Amino acid sequence: DFSPSSAALPRSLAELNASIKECNLCELCKSANHALTGLGDKSAKVVLVFNAPNAAEDASGEFLAGDDKFLQNLNELAGLKKDEIYVTSLLKCKPAAKAPTNAYELCEPYFSAEAHLVAPKLIVALGEEVFYKMIKQSAQSFETIRGNIMKFKHSALLATYSPSVVAKNPSKKELFFSDLKKIKEYL
């Protein structure tokens, strides 16, 4: 079995997902209903990365990938359908409030293994916190990085706003849509 503390990568997403569901490395597993595993095309060209499962996802045990409006926008602007993407989150369990820093460190090997196994052409970091947790630094302003495609491990990385930020700040919608269009251009 894969363990974040072991050096061996899992041989399959099924093996990785079994390890995620059994994880008890931090206190998040105590307050969450489910540990969520990635969902979607196991050979997707695009992986969408959210910060953590939301309350509805924690209750159902499945990623909802934002809402139907987000998926419709993704289809219209990036030319991607729900069955052509892989959706995951950095944290595998829903935090009760603000997640402790070590939760990201403990979940990071799970995300790295997912990215390695799916091997997407492009990873889309949905949100400032997701982006900075992925690259493990915060030297530049998110606004200067957002919308740019850069190298990240064996894939490319596009940082954009999270759908929840766009819902709260409609002024960011046009920039968000512009970023989603870059997915299609890149592929």
Side-chain angles (χ1 to χ4, degrees), residues 1-2 4 8-23 32 34-54 56-94 104 107-127 129-131 133-135 146-164 166 176-187:
D1 282 353
F2 173 75
L9 278 171
R11 293 180 298 276
S12 68
L13 282 171
E15 182 182 326
L16 175 65
N17 291 345
S19 296
I20 290 169
K21 289 192 178 290
E22 295 172 7
C23 180
H34 297 96
L36 264 68
T37 60
L39 178 71
D41 182 355
K42 291 168 182 44
S43 58
K45 290 181 184 173
V46 177
V47 171
L48 302 178
V49 185
F50 288 86
N51 186 42
N54 63 33
E57 292 165 337
D58 181 50
S60 73
E62 287 191 17
F63 273 108
L64 306 174
D67 58 17
D68 288 338
K69 188 180 257 184
F70 171 67
L71 293 173
Q72 181 181 348
N73 289 332
L74 193 62
N75 185 8
E76 290 172 10
L77 300 168
L80 294 170
K81 296 183 176 95
K82 188 176 181 178
D83 61 353
E84 296 175 314
I85 57 175
Y86 186 85
V87 180
T88 191
S89 63
L90 293 182
L91 294 178
K92 303 308 179 189
C93 296
K94 179 192 173 302
Y104 288 96
C107 279
E108 194 281 334
Y110 291 133
F111 171 71
S112 289
E114 276 180 308
H116 176 79
L117 290 165
V118 176
K121 187 171 180 180
L122 180 66
I123 297 172
V124 181
L126 294 165
E129 186 172 20
V130 172
F131 174 74
K133 295 289 186 193
M134 285 176 64
I135 66 166
R146 183 214 46 80
N148 294 305
I149 295 177
M150 61 206 78
K151 184 83 176 126
F152 178 73
K153 298 187 180 183
H154 301 291
S155 300
L157 175 65
L158 170 67
T160 189
Y161 302 115
S162 70
S164 62
V166 175
F176 179 62
F177 284 2
S178 174
D179 293 346
L180 293 181
K181 288 178 185 173
K182 290 177 183 177
I183 296 170
K184 188 176 189 176
E185 293 166 11
Y186 186 77
L187 298 178

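These numbers come from the heavy atoms of this one structure, side chains and all, not from hydrogens, waters or symmetry mates. Remember, it's a predicted structure, so these values are computed and weren't measured experimentally.
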What's the shortest heavy-atom distance between [X] and [Y], and which atoms?
X	Y	result
Ile85	Leu80	CG2-CD1, 3.8 Å
Leu180	Ala78	O-CB, 3.4 Å
Asp58	His34	O-ND1, 2.6 Å
Met134	Ala125	SD-CB, 3.9 Å
Phe152	Phe111	CE2-CE2, 4.3 Å
Lys92	Cys107	N-SG, 3.6 Å

* Those residues that, when tested against Ala119, pass side chain to side chain contact (heavy atoms under 4.5 Å, CB included) (two or more places apart) -> none
Nearest-0.5 Å distance that lies between atom [atom1] in [X] and atom [atom2] in [Y]:
X	Y	atom1	atom2	value
Lys94	Leu36	NZ	CG	12.0 Å
Leu122	Ser155	CG	OG	8.0 Å
Asn17	Tyr110	CG	OH	10.5 Å
Lys121	Leu187	NZ	CG	6.0 Å
Cys93	Glu57	SG	CD	12.5 Å
Ile20	Thr88	CD1	OG1	6.5 Å

* For the pair Lys182 (side chain) and Gly147 (backbone), establish whether a donor and an acceptor sit closer than 3.5 Å, ignoring hydrogens and angles. =>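 Checking the backbone N and O of Gly147 against the side chain of Lys182, a donor-acceptor pair under 3.5 Å is found.
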* Asked: Ignoring hydrogens and geometry, is there a side-chain-to-backbone donor-acceptor pair from Lys184 to Tyr186 under 3.5 Å?
  -> no
* Please lay out, stage by stage, how Leu16 and Thr37 fare under the test side chain to side chain contact (heavy atoms under 4.5 Å, CB included). => CA-CA 9 Å; Leu16 175 65; Thr37 60; over 6 Å; no
* To do: Kindly determine whether Phe131 and Leu157 satisfy side chain to side chain contact (heavy atoms under 4.5 Å, CB included), including the steps that lead there.
  => CA-CA 9 Å; Phe131 174 74; Leu157 175 65; 3.6 Å; yes
Side-chain polar contacts of residues 42-52 - donor-acceptor pairs under 3.5 angstrom, sequence neighbours left out - could you list them?
| from | atom 1 | to | atom 2 | distance (Å) |
| --- | --- | --- | --- | --- |
| Ser43 | OG | Asp41 | OD1 | 3.2 |
| Asn51 | OD1 | Tyr104 | OH | 2.8 |
| Asn51 | ND2 | Tyr104 | OH | 3.1 |
| Asn51 | ND2 | Glu129 | OE1 | 3.4 |

